[in-house]
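Presented below is the structure to which this report refers.
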There are 2 protein chains.
Amino acid sequence: MRPNSQLSGVLHVLLHMAEQDGPATSDMLALMMQTNPVVIRRIMAGLRERGYVRSEKGHGGGWTLARDLATITLRDIYDSLGSPSLFALGNRTENPDCLVEQAVNAALDTTFREAEALLLSRLGDVTLAALSADFHDRLQRRKRSRKGQTRHG
Amino acid sequence: MRPNSQLSGVLHVLLHMAEQDGPATSDMLALMMQTNPVVIRRIMAGLRERGYVRSEKGHGGGWTLARDLATITLRDIYDSLGSPSLFALGNRTENPDCLVEQAVNAALDTTFREAEALLLSRLGDVTLAALSADFHDRLQRRKRSRKGQTRHG
DNA sequence: TCTCATGTAACTTTTGATATTACATGATGG
DNA sequence: CCATCATGTAATATCAAAAGTTACATGAGA
C-alpha cells in the first residue's frame with residue numbers, strides 16, 4: 001500500500017458502507033481495502049469520536065454510517081484523521097538561528113500556507129454525497145457502455 | 001534532518017554562496033548544512049545541469065553561482081531537484097477497477113492539482129534575489145536591535 | 001456461556017529518505 | 001610528474017515514519 005493513503009482509503013470505505021444494508025465488519029472492510037482489520041478500526045476510531053460512524057460489538061455488529069452523507073465533507077474526514085501534514089516538503093530546521101534559513105523558511109511557509117488554505121477550502125466544498133453521486137454516475141455510464149457493446153457486438 | 005527538506009536546504013546553500021567570495025567546497029557547505037558532502041554534491045548536480053551553478057575540481061575548486069540571483073526562481077530550483085512530489089497524501093491505488101475508488105481519486109486529484117498549480121505559480125514568482133534581499137533586511141534589523149539593546153542596557 | 005465483533009497496546013515489517021563509504025576522475029601547485 | 005585537493009558517482013548502511021500484525025481485553029448477542 002502507498003504511504004499516507006488513509007484519506008483515500010477511508011473515503012473508499014465510507015462510500016462502500018453507504019451502498020450496503022446493515023453494519024459492515026472490520027474484516028469485510030479490510031478485505032475490500034486489502035489491509036488489516038486493525039488498521040480499519042484505528043482509522044475509524046477518529047470518525048466515531050466525531051459522530052460520523054457508529055460501531056456495535058457482538059453478533060450482527062460492525063460499522064454503520066451515523067449521518068447523512070450530504071452533511072459530511074472531505075475536510076471533516078481529513079480532520080478526523082488528525083489533520084496529517086498535507087505536504088511532502090518541509091523546512092530543514094524550524095526556528096533556526098541562521099538568518100538565511102529564517103528568510104528561506106519565511107518564503108516557503110508563506111507559499112505553503114496559501115496552498116494549504118486553498119486545499120482545505122476545496123476539501124470543505126466536497127461532500128460525501130457528491131462523491132457518492134459521482135460514483136453512481138460512473139455506474140450508469142458503465143452499464144450503458146456494456147449494453148452498447150452487447151447490442152453492437 | 002527532516003524528511004524532504006532538500007528544497008529548503010539548497011536554498012540555504014545558494015544564499016550562503018551568494019554571500020561569499022570565491023568557490024565554496026562541498027565540505028564547507030556540508031558543515032554549514034550539518035550534513036554530508038556527498039549529499040551536497042548530489043543535490044547540486046541537478047543545479048549544475050541547468051546552469052545555475054558551476055563546479056571546479058582541484059585546488060581552489062568548489063561551487064560558484066553561474067547566474068544572477070534575480071534570474072532564478074524557487075520554481076527553477078524545485079524543478080532542478082527533479083520536481084519531487086509536493087504532497088504527503090496519495091491515492092490508495094492508481095487506475096483502480098473499483099468505481100468507488102475511481103470517484104474518490106477523481107475528487108482528490110482535482111483538488112490536489114489545483115493546489116499544486118497555485119504552489120508552483122507562487123514558487124515561480126519568488127526569485128533568489130528576493131530571498132537574499134529578505135535576508136539582508138533581517139540582518140539590518142538584527143544589527144539595529146543589538147545597538148538598541150546596548151544603548152538602553 | 002460460547003461466539004462474534006470491536007478496542008487497543010505492543011511489536012514487527014516495510015519503505016523512502018538520508019547519510020556514509022569507497023573509489024574514480026580531473027585540476028592545480030610544487 | 002606526482003602529491004594533494006576537489007568533485008562524480010555507485011553501492012551500502014542507517015534511520016524514522018507508516019503500515020501491518022499479534023495478542024489480549026471488553027462487551028453484545030444467540
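Numbers restart at 1 for each chain; the letters A, B, ... are given by sequence-line order, proteins then strands. All heavy atoms count here, side chains included; hydrogens, waters and symmetry mates do not.
When the side-chain nitrogen and oxygen atoms of Gln34(B) are compared with OP1 and OP2 of dA19(C), none of them lie within a distance under 4.0 Å.
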Taking N or O atoms only and anything under 3.5 Å, show me the protein contacts with nucleotides 5-9 of chain C, one pair per line.
{"from": "dA5(C)", "atom 1": "O4'", "to": "Gly58(A)", "atom 2": "O", "distance (Å)": "3.4"}
{"from": "dT6(C)", "atom 1": "OP1", "to": "Ser26(A)", "atom 2": "N", "distance (Å)": "2.8"}
{"from": "dT6(C)", "atom 1": "OP1", "to": "Ser26(A)", "atom 2": "OG", "distance (Å)": "3.2"}
{"from": "dT6(C)", "atom 1": "OP1", "to": "Trp63(A)", "atom 2": "NE1", "distance (Å)": "3.4"}
{"from": "dT6(C)", "atom 1": "OP2", "to": "Ser26(A)", "atom 2": "N", "distance (Å)": "3.4"}
{"from": "dT6(C)", "atom 1": "OP2", "to": "Ser26(A)", "atom 2": "OG", "distance (Å)": "3.3"}
{"from": "dT6(C)", "atom 1": "OP2", "to": "Arg41(A)", "atom 2": "NH2", "distance (Å)": "3.4"}
{"from": "dT6(C)", "atom 1": "O3'", "to": "Ser55(A)", "atom 2": "OG", "distance (Å)": "3.4"}
{"from": "dG7(C)", "atom 1": "OP1", "to": "Arg48(A)", "atom 2": "NH1", "distance (Å)": "2.2"}
{"from": "dG7(C)", "atom 1": "OP1", "to": "Ser55(A)", "atom 2": "OG", "distance (Å)": "3.0"}
{"from": "dG7(C)", "atom 1": "OP2", "to": "Arg48(A)", "atom 2": "NH1", "distance (Å)": "2.7"}

Detail all sub-3.5 Å separations between protein N/O atoms and N/O atoms belonging to nucleotides 13-16 of chain D.
none

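When the C1' atom of dG26(C) is taken as reference, atom CZ of Arg54(B) falls 17 Å away, rounded to whole Å. Atoms CG (Asn36(A)) and P (dC11(C)) sit 18 Å apart, rounded to a whole Å. Atom-to-atom, CD1 of Ile43(A) to P of dT21(D) comes out at 13 Å; the value is rounded to the nearest Å. Per the geometry, CD belonging to Gln6(A) stands 15 Å off P belonging to dA17(D), to the nearest Å.
Judged by distance alone, with hydrogens and angles left aside, the side-chain atoms of Gln102(B) form a donor-acceptor pair with the main-chain N or O of Pro96(B) at under 3.5 Å. With hydrogens and angles disregarded, a donor-acceptor distance shorter than 3.5 Å links the side chain of Asn4(B) to the backbone of Ala88(A). Between the side chain of Thr35(B) and the backbone N or O of Leu31(B), no donor-acceptor pair lies under 3.5 Å. Between the side chain of Thr127(A) and the main chain of Ala130(A), a donor-acceptor pair closer than 3.5 Å is present. Counting only distance, with no hydrogens or angles, the side chain of Tyr78(A) and the backbone of Pro84(A) share a donor-acceptor pair below 3.5 Å.
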Give the C-alpha distance, both sets of side-chain angles, the deciding distance and a yes or no for side chain to side chain contact (heavy atoms under 4.5 Å, CB included) between Leu128(A) and Asp68(A).
-> CA-CA 9 Å; Leu128(A) 292 187; Asp68(A) 189 316; over 6 Å; no
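Judged by distance alone, the side chains of Ser80(A) and Glu49(A) never bring a donor and an acceptor atom under 3.5 Å apart. Between the side chains of Thr25(A) and Trp63(A), no donor N or O sits under 3.5 Å from an acceptor N or O.
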